[in-house]
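Because the structure is predicted, anything quoted here is derived from the model rather than measured. Atoms within each ligand, like the ligands themselves, are counted from 1 in listed order.
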Amino acid sequence: MNQSIREVLTMRHGSNVELCGWVVTKNTVGALLFLTIRDGSGYFQVVGKKEVTDQQFLDNMKDVTIESAVRIKGQLMDDARAPGGKELTVKEIEIIAKAEKWPITKSAVKSSSFLYDFRHLSIRGKKSSSIMKIRSEFIKAAFDFFVEHDHIYINSPSIVQSAVEGGSTLFNIDYFGKNASLSQSAQLYEEAAICAFGKVFVMQPAFRAEKSKTSKHLTEFMMIEAEVAFNEQVDNMKLQEDFVNYVCERIVERRSEELEILGRKFTVPEKPFPKITYDEAREITIKNGINFEWGEDIPTEAERFLSKMFDKPFFIIDYPLSARSFYHMTKPNNTITLSADLIAPEGFGEIATGGQRIHDYNFLVERLKQYKLQTESFQWYVDLRKYGMPPHAGFGIGVERSIRWICNLKHIRTTSLFPRTITRIYP
Ligand code: 4AD
Ligand code: MG
């Protein structure tokens with residue numbers, strides 16, 4: 001059985017080791033042949049020496065090409081000059097799958113779209129691997145957080161009939177002659193599930209037919225959503241604070257090496273997070289020359305301006321109903337919602353939206369009329385309000401938006417292994 005590089009780094013000088021991985025670099029220094037091997041768990045230097053390595057295996061080392069898959073047997077040596085303080089003296093090397101000439105070279109890369117055309121290969125790079133490891137840690141931490149808080153993990157269908165977040169970003173599909181669409185959010189199904197489980201959470205892809213090309217929109221992204229029976233909006237914001245603090249702490253604790261590779265100095269945001277109202281946010285941006293009508297959603301430019309004012313995430317609370325979906329619970333005047341956006345600092349902008357939902361039957365029926373939404377496709381959702389629906393609240397946080405902030409990345413597509421954007425469906 002072969003050992004992972006991570007395991008090898010903990011082994012003693014003189015140990016016999018078998019490593020499997022891919023060749024990253026190849027160099028000759030005098031009579032010595034050096035390879036750097038990568039296996040997903042780390043990078044490791046191996047060295048071929050005339051006195052130890054058979055000629056046949058030295059020839060293999062000379063023949064091997066970058067990104068070939070190899071199996072190496074050898075002896076572990078402490079060597080202060082080697083990266084990580086250890087290297088492997090090769091006794092045998094087998095070329096398991098020889099790679100053709102690597103197409104991603106400095107001269108070949110003329111644009112970032114080239115790298116995405118070759119995304120099936122470019123994901124092997126050190127930076128993109130680090131981002132994906134941080135993403136994996138984020139998802140694992142999210143799972144742990146909700147399980148520790150007694151939430152039950154559920155899934156909801158991705159093929160649906162009712163639009164949660166409005167018709168403008170719906171991907172319509174033909175479902176055996178019926179109109180259907182891809183799910184924008186699992187929220188409505190979570191609301192049914194809380195009456196069975198009390199607290200639930202979901203992690204699954206969400207789909208938005210975003211029509212504009214931006215650095216923060218994907219057409220398919222991963223959303224983590226949570227919904228809790230008997231929670232009000234204050235509890236909901238507290239839950240988001242706890243969640244973000246928990247996952248960030250985990251990443252800093254377990255993925256500091258990857259953050260360093262990305263050159264990101266990231267500190268865990270301390271609780272509580274600041275809160276400003278929509279009106280205060282609007283006042284600030286207007287004073288700084290970014291105007292928008294009261295009742296509109298906060299435009300990207302204004303959101304970016306506000307986001308740059310803070311050095312940790314903050315909530316924008318009290319959104320007008322006119323900027324929100326039908327299901328939002330409102331204050332008694334029926335114009336201000338009990339909802340908030342969670343905004344990441346440093347210009348990254350919105351990472352989560354959450355709020356309290358309407359739990360009263362008649363109120364919801366009225367609201368659907370106000371929004372001119374057909375009640376038939378929402379009948380089951382309305383129906384829930386007849387059978388013991390308490391006040392409840394929840395939120396959805398975008399994984400890619402969060403990773404973009406945590407890793408300090410220009411474009412959201414970098415956070416997705418095979419991103420889907422308005423202009424990209426290949427590979
Ligand atoms: O703000 P959104 O649209 O809220 C909802 O869908 C609610 N139903 C969630 C809930 O309360 N259960 O989406 C939630 C989050 C956003 O804050 C953002 O992080 C992410 O999902 N998101 C996107 N991420 C990447 N690309 C897109 N096109 C996104 N649209 C939303
Ligand atoms: Mg939102």
Report task. Look at D360 together with R385 and state whether they make a salt bridge at an N to O cut-off of under 4.0 Å. Result -> no
Query raised in the report: Hey, does I397 come in under 3.5 Å of ligand 1, counting only N/O atoms on both sides?
Result: no
Query raised in the report: Can you list the ligand 1 atoms lying under 4.0 Å from a non-hydrogen atom of M223?
Result: 6 (O), 14 (C), 21 (O)
Report task. Please find out if less than 6.0 Å separates the ring center of F314 from that of F273. Result -> no
Query raised in the report: the Mg ion (ligand 2) to E350: any N/O/S contact under 2.8 Å?
Result: yes
Requested in this report: Report the distance from atom CZ of F363 to atom CE of M329, rounding to the nearest 0.5 Å.
Outcome: 6.0 Å
Query - Protein contact to atom 15 (C) of ligand 1 [nearest heavy atom, distance to 0.1 Å] - result: G396 O, 3.7 Å
Requested in this report: Please report which non-hydrogen protein atom sits nearest to atom 1 (O) of ligand 1, along with the residue it belongs to and the distance in Å to one decimal place.
Outcome: T353 OG1, 2.9 Å
Requested in this report: For R38, enumerate each residue passing the salt bridge (charged side-chain N to carboxylate O under 4.0 Å, His left out) test, keeping only those at least two apart in sequence or located in another chain.
Outcome: E67
Query raised in the report: Is it true that D63 and K98 make a salt bridge, defined as a side-chain N closer than 4.0 Å to a carboxylate O?
Result: no
Query raised in the report: With atoms numbered from 1 as shown, which atoms in ligand 1 lie under 4.0 angstrom from a non-hydrogen atom of K216?
Result: 25 (C), 26 (N)
Report task. Can you pull out the closest protein heavy atom to atom 11 (O) of ligand 1? Residue, atom name and distance to 0.1 Å, please. Result -> R357 NH2, 2.9 Å
Query raised in the report: Which residue holds the protein heavy atom closest to atom 16 (C) of ligand 1, what is that atom called, and what is the gap in Å?
Result: E350 OE2, 3.1 Å
Requested in this report: Give the numbers and elements of all ligand 1 atoms closer than 4.0 Å to a heavy atom of E225.
Outcome: 9 (C), 10 (C), 12 (N)
Query raised in the report: Just which atoms of ligand 1 are under 4.0 Å from any heavy atom in Y327?
Result: 7 (C), 8 (N)
Query raised in the report: Any nitrogen or oxygen of E210, main chain or side chain, under 3.5 Å from a nitrogen or oxygen of ligand 1?
Result: yes
Query raised in the report: In terms of side-chain heavy atoms, does E191 have a donor or acceptor partner in Y327 at a distance below 3.5 Å?
Result: no
Requested in this report: Examine the side chains of T353 and E350 and answer whether a donor and an acceptor come within less than 3.5 Å of each other.
Outcome: yes
**Report entry** E241/K271 ion pair, N-O < 4.0 Å
**Finding:** no
Query - Salt-bridge contact R282-D279 (side-chain N to carboxylate O under 4.0 Å) - result: no
**Report entry** G354 N/O to ligand 1 N/O under 3.5 Å
**Finding:** no
Query raised in the report: Considering only protein heavy atoms, which is closest to atom 7 (C) of ligand 1, and at what distance to one decimal place?
Result: E165 OE2, 3.3 Å
Query raised in the report: In Å, rounded to the nearest 0.5 Å, how long is the span from CD1 of I406 to OG1 of T415?
Result: 10.5 Å
Report summary line: shortest atom 26 (N) of ligand 1-to-protein heavy-atom contact is with L218 N, 2.9 Å
Report summary line: So the atoms of ligand 1 within less than 4.0 Å of a heavy atom of R208 turn out to be 2 (P), 3 (O), 5 (C), 6 (O), 13 (O), 30 (N), 31 (C)
Requested in this report: Please report which non-hydrogen protein atom sits nearest to atom 20 (C) of ligand 1, along with the residue it belongs to and the distance in Å to one decimal place.
Outcome: F221 CE1, 3.6 Å
Query raised in the report: Is R324 positioned over the aromatic face of Y319, cation under 6.0 angstrom from the ring centre and no more than 45 degrees off axis?
Result: yes
Query raised in the report: Hey, which atoms in ligand 1 end up nearer than 4.0 Å to a heavy atom of Q187?
Result: 7 (C), 8 (N), 10 (C), 11 (O), 12 (N)
**Report entry** Shortest protein contact, atom 19 (O) of ligand 1 (heavy atom only)
**Finding:** I351 O, 2.6 Å
Query raised in the report: Where does S185 meet ligand 1, judged by heavy-atom distances below 4.0 Å: at the side chain, the backbone, both, or neither?
Result: side chain
Query raised in the report: Is it the side chain, the backbone, both or neither of W405 that has a heavy atom closer than 4.0 Å to ligand 1?
Result: neither
Query - Pair E18 + R71: basic N to acidic O under 4.0 Å - result: yes
